[in-house]
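Computed from a predicted model, the values in this text were never measured in an experiment.
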There are 4 protein chains.
Amino acid sequence: MHRDGIASVGAPGDDQVPVIADKPPARRRRKDGEARREAILDAGLEIFSGLGLHGASLDRLAERAGLSKANLLYYFPSKEDLYLAVLRRVLDVWLDPLQELDADSDPAEAIRAYIRAKLTLSRDAPQASRLFCLEIVQGAPLLRAELEGPLRGLVESKAAILRGWIDQGRIGAHDPHHLIFSIWAITQHYADFAVQVDAVTGRSLDESDFFESTVASTQALILTGLGLR
Amino acid sequence: MHRDGIASVGAPGDDQVPVIADKPPARRRRKDGEARREAILDAGLEIFSGLGLHGASLDRLAERAGLSKANLLYYFPSKEDLYLAVLRRVLDVWLDPLQELDADSDPAEAIRAYIRAKLTLSRDAPQASRLFCLEIVQGAPLLRAELEGPLRGLVESKAAILRGWIDQGRIGAHDPHHLIFSIWAITQHYADFAVQVDAVTGRSLDESDFFESTVASTQALILTGLGLR
Amino acid sequence: MHRDGIASVGAPGDDQVPVIADKPPARRRRKDGEARREAILDAGLEIFSGLGLHGASLDRLAERAGLSKANLLYYFPSKEDLYLAVLRRVLDVWLDPLQELDADSDPAEAIRAYIRAKLTLSRDAPQASRLFCLEIVQGAPLLRAELEGPLRGLVESKAAILRGWIDQGRIGAHDPHHLIFSIWAITQHYADFAVQVDAVTGRSLDESDFFESTVASTQALILTGLGLR
Amino acid sequence: MHRDGIASVGAPGDDQVPVIADKPPARRRRKDGEARREAILDAGLEIFSGLGLHGASLDRLAERAGLSKANLLYYFPSKEDLYLAVLRRVLDVWLDPLQELDADSDPAEAIRAYIRAKLTLSRDAPQASRLFCLEIVQGAPLLRAELEGPLRGLVESKAAILRGWIDQGRIGAHDPHHLIFSIWAITQHYADFAVQVDAVTGRSLDESDFFESTVASTQALILTGLGLR
DNA sequence: GATGAATGAGCGTTCATTCAT
DNA sequence: CATGAATGAACGCTCATTCAT
């Protein structure tokens, strides 16, 4: 139903068939190379998110990406390099919704939209969420720098917006960091713990009524919690 | 400060030095055997939670547990067996607080206590939480049965309690499953994503003021969200 | 004819069959382990001296030593470790004759004996000489430290003896370092360049008349060169 | 100080910039082609002499020669082909001084000149000497034919000259083969075992006083050994 | 001529597991 | 109980070589 993987999310419509068939060879070759890189990254997302860095083997990755192990290593010099490349692509996509949070918006509307955007990602790119989760849970041995740099900066700037709203009395007093963590935790839970959600409820975000009820529930909990209802 | 691991939680005071030194050899040996099993399970928790099933090697596990690889395999016939044993011990501890949720309690009090109990576990046994998270995120290949059996049953029975409270108008109308997931998500986030929390805020649940503010924040968000304030 | 390898030189008679068959198991096991180590070192000498560090494969080494590749790595943690162990054993044997050079001896007799000892080594342990040669020629990447330490010290002390003899007018004035290098060069040539010697003359040190004529020739050249005839 | 490599020895002044810039393309291309061949051979000498046939990789060779791996294989169809080409060029240069040995010369003068010529090569083209040494030490698997053919013939003819001088009583009686081997061994030692010489004495043939004293020492030893002093 | 892309074979090494003692 | 020794399978990676362009 929903495309699993983040290519479709990060760059929709990217893989349109070219109208004119015979491009000059140089360009065709480069296109092919980049398409292969993408295929490898897609395979990496799929397999790393299910087995972790150590559980994934180059053989499986290559097989899934449709090329030979040696050829895969031509594009990414080591398994870890591939893993990191996948992780970075994930991180970018994953933080995108937060970037949108704007001081000039209506707080209720902005938070409602943010929750929906995050849950949409959890539905459309659950593997990305899981891979990110896997890495963080294990102590982020390869991503720590990115967490302490860009992520921290982004969160600080958005926390400032929330604090502004609190100071203006537009939302209830609730520590901005805790609020952000709570929204992250709840929305990502439906991707990261999807098997558990499924085991307990038999439902998945792929079912649109469950998706909508999850969005509504989460929005209600948070907005009411912030005194916005 | 807080003991990391769940032995201290599940079986406090377990490793006291026996008062009388020379027990009969048969009994001593058996005691030693169980102590060794515990030591191996502790090592397993520590290492599996940091490296995952595939990232952990028997060599490391044995070294950490203080015995030889071959001897470790005497106690647990395979790496997967050990992994499962650790996981099961974790699951028991992890579900314990939910068992306490009682229909006859005051809803606000019960939920407040539940949140505190879960966050206490996140503080005192973060590795257990992480190991459980790791397993679920990867699709619970070895735990699915336990999720669909005991876990589902437990959640259903507690959801029924919540539904009862809602029907009685004692808490706001909020889907019980979503409510339980939200509490799980938020409280476990502080264990599972501890590095991220630390990277962004520089704080950890080990610091008692941060622990208390986290408890208060979460209780406020959930209880307000349920119209209990 | 002559045992190739240095075990026979360094530790003659070492592998005698024990008179009493059933040793206690602990001792037997250790014996076996050491015998295997020796077998591996022998295989290492044989193969490294013919193919160099990079040309030798663990598969070949293991096959020659009569065990599995994985088992070989149980005794030596890496190929390079094995290579170094072989090299060190070689170096010890190789420098031994020089140690014997004694200030109190008759110079002519001492030099004559030294030349014979070196040529005997070239005959009995040519692979050791070749492995050492291979390593030095490639710049001694793994042995440089040993050259600048122990070797240099040994040479200096023996050069002092030669210088003493020169000062006493007992041998002709010839720079001691150059003299030592010349003797090394000539005597080792018959091991290191054995194929070339064979290609040009059709002879080998294994033939006793060629061995004796080589000894005589070299002694004559050097001793006459030093004015001792 | 001294150019390392044999291009400078075998074909001095070969890489002069052409006076007239724009040659007709056909000829230019061919010239470029040969220059590239030379560059590859130079790279081959440098790298093979340091790492051996098996230790050198096409990637390194291509990088050093300044072209792509695939292009390198256009000039030499396989790594072994390149290795052999380098080796043959080395062999030619290496035997050159011996060719000069002339029956009509004064024996003392001829031998003195030969020693100096060989040591000059050891100084100016040590890598050539080392590569040759490496190959012979490993049993000359690729060069045996050349040793038993041209080399043997050359040595035989020169040994005849020496034997003539002996018969005429112009030099002391010393087996010609042994004499040639001794001169080879000593003179090449300063190239092949340069690291060892350096480790022991701290000197190198690149220092002109050490070079001259080595020449003098060697000439003295050999000529005195032959009763020419 | 020149090169980027591709690959099969092999390498050194790790690892879970077995076995004898 | 406990361990040193042993192994087959798999792993990540390198490499000489090929091929299409």
Rounded to whole angstroms, how far apart are [atom1] on [X] and [atom2] on [N]?
X: D:K79; N: F:dT14; atom1: NZ; atom2: P; result: 15 Å
X: A:L82; N: F:dG12; atom1: CG; atom2: P; result: 11 Å
X: D:R37; N: E:dG1; atom1: CZ; atom2: C1'; result: 14 Å
X: A:L72; N: F:dC11; atom1: CG; atom2: C1'; result: 14 Å
X: C:L51; N: E:dC11; atom1: CG; atom2: C1'; result: 14 Å
X: C:H54; N: F:dT14; atom1: NE2; atom2: P; result: 15 Å
X: C:I47; N: E:dG12; atom1: CD1; atom2: P; result: 11 Å
X: A:F76; N: E:dA5; atom1: CZ; atom2: P; result: 13 Å

Q.
Below the 4.0 Å mark, does E:dG1 have OP1 or OP2 next to a side-chain nitrogen or oxygen of D:N71?
A. no
Q) Does B:Y74 place a side-chain N or O at less than 4.0 Å from the phosphate oxygens OP1/OP2 of F:dC1? A) no
Q.
Considering only residues two or more places apart or on different chains, which pairs with a residue in residues 55-81 of chain B satisfy ring-ring contact (aromatic ring centres under 6.0 Å, His included)?
A. none
Distance-only criterion, 3.5 Å: show the donor-acceptor pairs between side-chain atoms of residues 54-70 of chain A and protein atoms not counting sequence neighbours.
residue	atom	partner	partner atom	Å
A:S57	OG	A:R60	N	3.2
A:R64	NH1	A:E46	OE2	2.3
A:S68	OG	A:N71	N	3.1

Just verifying a value: how many Å separate [X] [atom1] and [Y] [atom2], rounded to the nearest 0.5 Å?
X: C:C133; Y: D:R130; atom1: SG; atom2: CZ; answer: 11.5 Å
X: B:R88; Y: B:L41; atom1: CZ; atom2: CG; answer: 11.5 Å
X: C:L73; Y: C:L82; atom1: CG; atom2: CG; answer: 9.0 Å
X: D:L87; Y: D:L45; atom1: CG; atom2: CG; answer: 10.0 Å
X: A:E135; Y: A:L142; atom1: CD; atom2: CG; answer: 5.0 Å
X: C:L131; Y: C:L143; atom1: CG; atom2: CG; answer: 9.0 Å

Q) Does anything in residues 55-68 of chain B reach DNA chain E, meaning a heavy atom under 4.0 Å, and if so which residues? A) B:A56, B:S57, B:L58
Polar-atom pairs under 3.5 Å, protein N or O versus N or O of nucleotides 18-20 of chain F: list them with distances, or write none.
none

Q) Of all residues at least two apart in sequence or in a different chain, which pass the side chain to side chain contact (heavy atoms under 4.5 Å, CB included) check with A:D81? A) A:P77, A:S78
Q. Salt bridge check: are D:R89 and D:D42 linked by an N-O gap of less than 4.0 Å?
A. yes
Q: State the dot-bracket string of DNA chain E. Criteria: Watson-Crick or G-U wobble, both atom distances under 3.5 angstrom; notation: ( ) intrastrand, [ ] crossing earlier pairs, | interstrand, . unpaired.
A: .||||||||||||||||||||
Q. In terms of the nearest nucleotide of DNA chain E, which residue is placed more toward the 5' end: B:S78 or D:Y75?
A. D:Y75
Q: Answer yes or no: is there a side-chain heavy-atom contact under 4.5 Å between B:L53 and B:K79?
A: yes
